[in-house]
Amino acid sequence: MYSTITLTSSNLSIPRLGYGTGSKWRNGEMVKSIDESLVIAIRQALTLGYRHLDCAEIYSNEESVGEAIRLHGLSRDKLFITSKVYNNIENISKACDDTLNRLGIDYLDLWLIHSPFFDRNKTSLEKVWKDMENLVDNGKVKAIGVSNFQIEHLKELFDLKPKIRPVVNQIELHPYIYKESKDLLAYCKLNNIIIQTFAPLASLAHKPNGPVDRIVNDLAKKYDRLPAQILLKWNLSKGDITITTSNKREHLEDFLKVNDENFQLTDDDINEIDEAGSKLYYRRCWKQQIEGSQ
């Protein structure tokens, strides 16, 4: 049903297609109420075969994710659960305990620093990372990584000579940001950092009628697929894992079909999408912070 990639450092297998609980699902305020629509959507995704859940403290909905996990009843070892820390980054141990309590689990498979743009007056990257390493040592977290880190932030982390290097960098990736992301992608691969992407369908959802639409639609006809499947397949050709979401059963079923072994894009197909995407620049998340740091 799904393909995986293995973290050699920890022997963890990560499903390459994850179900995202951010985006449309995020709660504007830190509240404890359960979002029943999210619970239903996650349970639907789990029923269809999704096994990788991508969460975050900043989404303010981890209680709802935990409720879906509890109600669905899958054993913990059948799920790969990622979360991210940002708001309460100055106290990593408490932030982790809080996330585990909200999710109703006793360990995270992967925990990420949500962004390098946290308040450096409250804490330092060095302290945050050492505290995260301690959580790996005590078994509360299986693996640690980062999100939205650019090359300069990764270099900053590596200069600290960490005991545990980041295994994942979760970044925004779609055809309208690929040109600007090529150096970062290459740097991650050079340093054996798994690339986990989000917003893979941004060109469809947020920039319709843009320059990639023609080639994506042509390829959809060529392979008897949907445009979303073409974009997800393209995304997985650039990175290792991608996160997407929907509350519609048919969309979730279609997304899983990108794992079909008989569905492959050629190098020429990929290059055509690259070229079309280079004609428009669009960054959806952390735009001001990332562009201001470059």
Side-chain angles (χ1 to χ4, degrees), residues 1-7 12-25 38 40-56 59 65 68-69 72 74 76-84 108-110 112 142-143 145 147 167-175 177-178 181 185 188-189 193-205 216 219-220 223 225-265 269-270 273 284-285:
M1 176 80 64
Y2 57 86
S3 62
T4 63
I5 187 166
T6 301
L7 297 177
L12 284 173
S13 291
I14 311 179
R16 297 191 68 202
L17 195 62
Y19 186 84
T21 64
S23 184
K24 65 177 288 183
W25 298 115
L38 176 56
I40 291 169
I42 292 173
R43 295 190 67 192
Q44 177 176 250
L46 294 174
T47 297
L48 293 174
Y50 287 81
R51 293 295 179 264
H52 179 178
L53 298 178
D54 183 75
C55 316
Y59 302 157
V65 179
I69 293 169
H72 199 78
L74 274 175
R76 176 64 183 89
D77 62 342
K78 300 298 184 185
L79 293 172
F80 189 96
I81 302 176
T82 299
S83 194
K84 301 177 280 290
L108 285 167
D109 295 286
L110 178 63
L112 310 178
K142 298 288 187 183
S147 181
V167 297
V168 162
N169 188 14
Q170 185 183 110
I171 60 172
E172 179 177 349
L173 187 66
H174 47 77
I177 205 174
Y178 172 65
S181 304
L185 294 169
C188 287
K189 289 182 179 181
I193 300 173
I194 286 176
I195 298 158
Q196 184 168 301
T197 70
F198 65 89
L201 304 180
S203 61
L204 275 180
V216 167
L219 291 173
Y223 293 111
R225 298 282 174 167
L226 297 171
Q229 293 171 322
I230 299 298
L231 288 167
L232 288 171
K233 199 70 173 181
W234 174 89
N235 208 285
L236 288 170
S237 78
K238 303 299 184 182
D240 303 297
I241 300 161
T242 193
I243 306 298
T244 189
T245 195
S246 178
N247 62 351
K248 293 181 171 58
R249 181 185 183 95
E250 61 272 23
H251 290 175
L252 293 176
E253 290 175 331
D254 289 335
F255 296 162
L256 284 175
K257 292 174 184 176
V258 302
N259 292 316
D260 293 352
E261 292 185 2
N262 61 350
F263 171 35
Q264 301 293 334
L265 297 178
D269 296 336
I270 293 167
I273 295 175
R284 175 165 166 73
C285 299

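Sequential numbering from 1 along the given sequence is applied to the chain's residues.
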If you measure from [atom1] on [X] to [atom2] on [Y], what distance do you get to the nearest 0.5 Å?
X: Ile42; Y: Gln44; atom1: CD1; atom2: CD; answer: 11.0 Å
X: Ser237; Y: Asp269; atom1: OG; atom2: CG; answer: 10.0 Å
X: Lys248; Y: Glu253; atom1: NZ; atom2: CD; answer: 13.5 Å
X: Thr244; Y: Phe198; atom1: OG1; atom2: CZ; answer: 12.5 Å
X: Leu226; Y: Leu219; atom1: CG; atom2: CG; answer: 13.0 Å
X: Leu112; Y: Ser147; atom1: CG; atom2: OG; answer: 6.0 Å

Given side chains that start at C-beta, do those of [X] and [Y] come closer than 4.5 Å, heavy atoms only?
X: Thr82; Y: Ile243; answer: no
X: Ile230; Y: Phe263; answer: yes
X: Leu48; Y: Arg249; answer: yes
X: Leu173; Y: Leu185; answer: yes

Can a donor-acceptor pair be found, under 3.5 Å and without considering hydrogens, that links the side chain of [X] to the backbone of [Y]?
X: Glu172; Y: Arg284; value: yes
X: Lys142; Y: Leu12; value: no
X: Gln196; Y: Val168; value: no
X: His52; Y: Pro15; value: yes
X: Gln229; Y: Asp254; value: yes

Which residues satisfy the salt bridge (charged side-chain N to carboxylate O under 4.0 Å, His left out) test with [X], sequence neighbours excluded?
X: Lys189; answer: none
X: Lys84; answer: Asp54
X: Asp260; answer: Arg225
X: Arg76; answer: Asp109

Apply side-chain hydrogen bond (donor to acceptor under 3.5 Å, both in side chains) to [X] and list each qualifying residue two or more places apart in sequence or on a separate chain.
X: Asp77; value: Ser75
X: Ser203; value: none
X: Thr197; value: Asn235, Thr242

Run Phe255 and Leu201 through side-chain contact (heavy atoms from CB on, under 4.5 Å) and show every step you take. CA-CA 11 Å; Phe255 296 162; Leu201 304 180; 3.9 Å; yes
Can you list every ring-ring contact (aromatic ring centres under 6.0 Å, His included) pair that touches residues 228-247, not counting sequence neighbours?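 Listed once each, the pairs are Tyr178-Trp234.
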Specify the closest pair of heavy atoms between Thr21 and Cys55, including all atoms of both residues, with the distance to one decimal. OG1-CA, 3.3 Å
Which atom names give the shortest non-hydrogen contact between Cys188 and Ile195, and what distance separates them?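 It is CB-CG1, 3.8 Å.
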Residues two or more places apart in sequence or in another chain: which of them pass side-chain contact (heavy atoms from CB on, under 4.5 Å) with [X]?
X: His72; answer: Arg43, Leu46, Thr47, Leu74
X: Ser13; answer: Thr4, Thr6
X: Leu204; answer: Pro227, Ala228, Leu231
X: Ile5; answer: Ile14, Arg16, Ile194, Asp240, Ile241

